[in-house]
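Below is one structure, written out as C-alpha cells, with a few remarks after it.
The first residue in the sequence is number 1, and the count goes up from there. Read the numbers this way: they start at 1 and go in the same order the structure lists the ligands and their atoms. Everything numeric here is computed off the predicted structure, so don't read it as measured data.
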Amino acid sequence: MNNNTLLQIANDFGSPVYVYNSEIIASQYKRLTSAFSKVENLKINYAVKALSNISVLKLLNSLGSGADTVSIQEVQLALKAGFKPEHIIYTPNGVSLQEIEEASELGVQINIDNLSILEQFGTKHPQVPVCIRINPHVMAGGNTNISVGHIDSKFGISIHQIPHIIRIVENTNMTINGIHMHTGSDILDIDVFLYASEILFEAAKNFSHLEFIDFGSGFKVPYKEGDIETNIEELGNKLSKRFNTFCKEYGKPLTLAFEPGKFLVSQSGYFLAKVNVVKQTTSTVFAQIDSGFNHLIRPMLYGSQHEIINISNPKGRERFYSVVGYICETDTFANNRRINEIREGDILAFKNAGAYCFTMASNYNSRFRPAEVLWHNKKAHLIRKHETFDDIIKNQIEITL
Ligand SMILES: *Cc1c(COP(=O)(O)O)cnc(C)c1O
C-alpha cells in the first residue's frame, strides 16, 4: 500500500481511521507456516484479541488459521466468523468455572490455567479433554508488563506444581490432551524460547494422552529502527527438529501449535489521523491530531514507538515534532520525532497499527471510536463504521431527577 492509497482512504472514509492490508496478514501467515514446514502437524491459532474485527477473522480462517480466544465473547465472535469449534482454543485467565463450562458446551478446546478450576472442571466433566497452561518461569524480555512467565506471574500453573496436576488428573479421571505455555510478548532471544520449550517437553512426558503441544506466542516484530525481530526461520528450523525428535520419543505424532497475534497482524495496520493544530511552544513544536490514547493507547500504556510518516508531505523538509492528541489528558504519541514538515490538515500515518490498537480503543472524552478499512484484492472495504453519537448514548439510561 503506498502513500497515495492511504491518503485516498483517509479522504474517502474520513479520519481517524484504521487500515489493514490483507496481503501482509497472508504473507506473515505463510512465513510462519513455511518456517515450520518440516513439522507434520502444525496448527496456527490466531490470537483474536490482537485485532478482532470479524472480517479480519474471516480472512484468517480462509488462510487456514485457527483462533485463540481469551473470553467467551471472543469464542462467540470466532464461531460467528466461521471458525469450526475444533479450530478454536479458549485460553482464559482467572475466569469463572461457569464461563469455562459455557465455552466447553460450544465445543471448543478448553485450556485451564489454575489448579482450582482444573479440579472443579475435572470433577464435573471428566469426559471433556482439557489442555493445561504451564508457567515455565522463564523471563521473555525485560518488560514486566508483557513478560508473563516469571515466578510471581498470574498466568499459568507453575511447572513446580506438576505433581499436583497429576494428582488431580488421577483423582478425577480427566484427560489432558494438550500442554501449553505463553511466556509473553517479547522473544528477543531464540535460545530463551528453546530453553522454555525444553521445560514444556519435560512436563509433557507426564501426560500420556497428549494430542498437541502449544508454544503460545511472543514473536517480536520491529516497530522502530534498530528493533530486533524474532528470527522465525531460525526458530522454525531449530524447534521443528527438536519437536520431531520429541514426538518419536513420545511415540506419537503430536500437533505443534502456536497462537500469534502481533506477528500476524501488527505490520498490516496503519492508523491515519489528521493534524488539527501545529503549536509552537518555547521548546517544542507540537502536532496535534484528531485522536488520542482513546484510539491508540500503546504509546502511553507500553511506551511503544510507532513510526509516524506524514503522507501528505512525504518530501517535505524534516523537522522535530512531538505528536500529541486532542483529549484532555497527556496523550503523547511521539516525542522529538523527525518527521517531514507537518502542516495543519496533513494526514499522519502510524505504522504497526494492526495489533492491540483498535481492540484497545475506548470512548474516553465521549469521542467516537474510529472506522476500520480492509485493503483486500486492491480495493478498500469498510469493515467497521465510524461511531455516531447514538453509540455513545445507546446504553445509557436517563433517570428522572
Ligand atoms: C495475547 C495472547 C497471545 C498473542 O500474543 P502476541 O504477542 O500478540 O503474539 C497468545 N496467547 C495468549 C494466551 C495470549 O493471551
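Few gaps surround NZ on Lys252; more than 12 heavy atoms of other groups in view lie less than 6.0 Å from it.
Remark: ligand 1 atoms within the under-4.0 Å shell around heavy atoms of Gly261 are 4 (C), 6 (P), 8 (O), 9 (O). Within the listing of ligand 1, atoms 6 (P), 8 (O), 9 (O) sit less than 4.0 angstrom from a heavy atom of Lys262. Below 4.0 Å from some heavy atom of Pro260 lie the following atoms of ligand 1, by number and element: 9 (O).
For Phe155, the closest heavy-atom approach to ligand 1 does not fall below 4.0 Å. Ligand 1 has no atom lying under 4.0 Å from any heavy atom of Ala355.
Thr123 and Glu119 share no donor-acceptor pair across their side chains, judged by distance under 3.5 Å alone. Between Asn310 and Asp346, the side chains place a donor N or O and an acceptor N or O closer than 3.5 Å (distance only, hydrogens not considered).
When non-hydrogen atoms are compared, ligand 1 lies under 4.0 Å from the side chain of Ala47 (C-beta onward) but not from its backbone. Residue contacts with ligand 1, taken as heavy atom pairs separated by less than 4.0 Å, involve His182 solely via side-chain atoms from C-beta onward. Neither the backbone nor the side chain of Asn93 comes within 4.0 Å of ligand 1, counting heavy atoms alone. With a 4.0 Å heavy-atom cut-off, ligand 1 is reached by the side chain of Tyr356 but not by its N, CA, C or O.
Under the rule for a salt bridge (charged side-chain N to carboxylate O under 4.0 Å, His left out), the partners of Arg338 that lie at least two apart in sequence or sit in another chain are Glu318. In this structure, the salt bridge (charged side-chain N to carboxylate O under 4.0 Å, His left out) partners of Glu23, at least two apart in sequence or on a different chain, are Lys378.
Checked against a 3.5 angstrom limit, the closest N/O atoms of Thr91 and ligand 1 fall outside it. Between His180 and ligand 1, not a single N/O pair is under 3.5 Å apart. Distances between N or O atoms of Arg133 and those of ligand 1 include no value under 3.5 Å.
With hydrogens and angles ignored, the 3.5 Å screen pairs no side-chain donor or acceptor of Asn4 with any backbone N or O of Asn2.
The distance from atom NZ of Lys385 to atom CZ of Arg369, rounded to the nearest 0.5 Å, is 13.5 Å.
Seen from the ring of Tyr326, Arg367 counts as a face-on cation partner, given the 6.0 Å and 45° thresholds.
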